[in-house]
*Asks:* 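Take this structure first; my questions come after.
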Amino acid sequence: MTITLKAHPSLYSAFDVYPSAKGAATHIHQAAGTLFDRSGGGLLYTLGNEELPRYQREPGNIEILRFGGLVENYLHRALSFSAELSKVLNSGLKDSLKIAQFRDPWSGLPLLRHGEGRFPTIYEVNGLPSIELPAAFPNVSAATLHKFLKMEDECLARATRIVVPSTIIRTHLIRRGVSGARIDVIANGTYTTEVQPRPAEAPARYILYFGAVQDWQGLEVLLHAWRQLQDLPNLQLVICSSVKSRRAKAYQKLVQRLGLENHVQWHFQLSKEQLAPWISNAYLTVAPLTECPRNIEQGCCPLKILESMGAGVPVVASDLPVVHELVRHRENGYLVAPERPSELARALRILLEYPDTVAELGQAARQTIENGFLWPQANERLGKIHMELLKEN
């Protein structure tokens, strides 16, 4: 299949599947949409899968091109993704670009090397492979990690501007030698939502975990805490995983070992529209992030926390610096020590006994979102950077 692309004024590239149920796809939708709105259209280059088309045209002078190679090995897939982007740029696109934004080194290096300074670039640092990949692939070699660091350093040094969603990430990058003057902190956002109709299969009373299932998310901690709450009648844990069921097999087996089969309900890869009623009708949600380099050293801005708060549902979250940027203990949520199932169970037990307090926390959480964490507010800040760079170019 031969694809002829337009001469676009902007490009947004991300080594992520888009669209998908994962939080990364939500961020891509917002950030790429803002870029294309400010520049008058553009090309979105992302990963694909077996279900998504290789190419599609969208309203507003927007095209989506997805990497078509279904390569199993992560590193080989990343390198192939990067090589294809180089071909796209060399086909003539780099001559029309006025601005580009990227989320990862696999996207950034082709843009920075082939662009040769023709257009400004924004490196959107939401995560760093040198920190995140060892958690997903424990056997990754020191030599490979060193290569990742060098790739990240080149992107950090050569990008015109850097945007991060957390002050923790900003601090990490400054420690790595990046000038703070080049780094803008723009937190993730969400929308406030009204109460949704209860899902037909929803338990009468349930606590919700939703999102991905990497080790750093702390789902194992939550399951061990849940085992300590089995004396409470008519209570279920609902897990809405953003990934396929096979990616959660280890946790499903843990549920069996803990004897929780009748106390945990699973759902997989729900769309935003399907997930919203589960969030809206939850008693509360849980974000049991672990105390690991990804959360402590690198930092993050968890969409699951923001989306729950936007629905007026308070979050019980790990007491970590990244969470402090969103949640204030007993004001708009509840914080517990990370990786301590007994403390998490105790906090849940207390909150289950005080529904009025939970309702008050939920109202305060929604107000927090309205006061500074709405997507239009985040996009306005990002859009100002786009306009500054377009004017300079």
Side-chain angles (χ1 to χ4, degrees), residues 12 14 16 18-39 42 44 46 101-103 122-127 161-170 183-194 196 208 210-212 217 240 242 270-273 275-276 278-280 282 285 287 289 295 298-315 317 320-328 331-333 361-388:
Y12 187 101
D16 293 279
Y18 176 86
S20 76
K22 294 178 65 177
T26 299
H27 192 109
I28 291 167
H29 176 76
Q30 297 293 333
T34 300
L35 173 65
F36 299 154
D37 179 64
R38 297 303 190 276
S39 62
L44 174 60
T46 69
Q101 186 165 335
F102 59 93
R103 281 176 58 95
I122 299 173
Y123 185 7
E124 182 188 309
V125 184
N126 296 281
R161 296 280 281 274
I162 298 165
V163 173
V164 299
S166 163
T167 59
I168 306 300
I169 302 180
R170 182 178 186 274
I183 307 172
D184 293 275
V185 179
I186 302 176
N188 287 332
T190 189
Y191 296 101
T192 56
T193 57
E194 301 303 321
Q196 307 261 330
L208 176 68
F210 66 98
Q217 303 285 2
C240 293
S242 62
L270 300 182
S271 67
K272 287 293 181 185
E273 294 73 22
L275 177 61
W278 286 101
I279 300 174
S280 177
T285 70
L289 299 169
N295 294 332
Q298 172 191 276
C300 58
C301 183
L303 274 169
K304 61 164 64 71
I305 292 179
L306 292 169
E307 290 172 349
S308 183
M309 294 172 71
V313 179
V315 184
L320 298 174
V322 291
V323 178
H324 296 168
E325 297 185 38
L326 310 174
V327 179
R328 298 183 302 277
E331 292 184 29
N332 62 359
L361 292 174
Q363 292 172 4
R366 188 196 300 271
Q367 189 63 52
T368 298
I369 297 302
E370 292 176 350
N371 290 345
F373 292 97
L374 293 169
W375 274 125
Q377 295 165 338
N379 294 342
E380 180 64 22
R381 292 191 283 271
L382 178 60
K384 286 181 180 178
I385 297 173
H386 292 148
M387 294 308 296
E388 289 172 11

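Reckoned from all heavy atoms, side chains included, excluding hydrogens, waters and symmetry mates.
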*Asks:* Is S280 reaching over with its side chain to a backbone N or O of A276, donor-acceptor style, under 3.5 angstrom?
*Replies:* no
*Asks:* Would you call the rings of W375 and H27 parallel, tilted or perpendicular if under 30° counts as parallel and over 60° as perpendicular?
*Replies:* perpendicular
*Asks:* Begin from the C-alpha positions of T26 and K272 and carry the test side-chain hydrogen bond (donor to acceptor under 3.5 Å, both in side chains) through to its verdict.
*Replies:* CA-CA 9 Å; T26 299; K272 287 293 181 185; 3.1 Å; yes
*Asks:* Listed by chain and number, what are the side chain to side chain donor-acceptor pair (under 3.5 Å) partners of R366, not counting sequence neighbours?
*Replies:* none
*Asks:* Determine, for D16 against K22, whether the closest basic-nitrogen to carboxylate-oxygen distance falls under 4.0 angstrom.
*Replies:* no
*Asks:* Determine, stepwise, if the pair C240 / I279 fulfils side chain to side chain contact (heavy atoms under 4.5 Å, CB included).
*Replies:* CA-CA 10 Å; C240 293; I279 300 174; over 6 Å; no
*Asks:* Are L44 and I28 side-chain neighbours, meaning at least one heavy-atom pair lies under 4.5 Å?
*Replies:* yes
*Asks:* Does the pair R38/E380 count as a salt bridge with the N-to-O cut at 4.0 Å?
*Replies:* yes
*Asks:* When the aromatic ring centroids of F102 and Y12 are compared, is their separation below 6.0 Å?
*Replies:* no
*Asks:* Report the C-alpha separation of E325 and I168 in whole Å, then their side-chain angles, then the decisive distance to 0.1 Å, and conclude whether the side chain to side chain contact (heavy atoms under 4.5 Å, CB included) test is met.
*Replies:* CA-CA 9 Å; E325 297 185 38; I168 306 300; 3.4 Å; yes
*Asks:* Start with the C-alpha gap between E307 and F210, add the side-chain angles, then the distance that decides, and say whether side chain to side chain contact (heavy atoms under 4.5 Å, CB included) holds.
*Replies:* CA-CA 10 Å; E307 290 172 349; F210 66 98; 3.5 Å; yes
*Asks:* Return yes if some donor-acceptor pair links the side-chain N/O of T285 with the main-chain N/O of L208 below 3.5 Å, else return no.
*Replies:* no
*Asks:* Does N188 use its side chain to pair, donor to acceptor, with the backbone of C300 at less than 3.5 Å?
*Replies:* no
*Asks:* Looking at K384, I'd like to know if its NZ atom is crowded, meaning that more than 12 non-hydrogen atoms belonging to other residues, nucleotides or ligands lie closer than 6.0 Å.
*Replies:* no
*Asks:* Has the side chain of S308 got a donor or acceptor atom that lies under 3.5 Å from a matching backbone atom of V313?
*Replies:* yes
*Asks:* Side-chain contact test, heavy atoms from C-beta onward, threshold under 4.5 Å: evaluate it for L382 versus Q30 and give yes or no.
*Replies:* no
*Asks:* May I have the step-by-step check of side chain to side chain contact (heavy atoms under 4.5 Å, CB included) for K304 and V315, ending in yes or no?
*Replies:* CA-CA 9 Å; K304 61 164 64 71; V315 184; over 6 Å; no
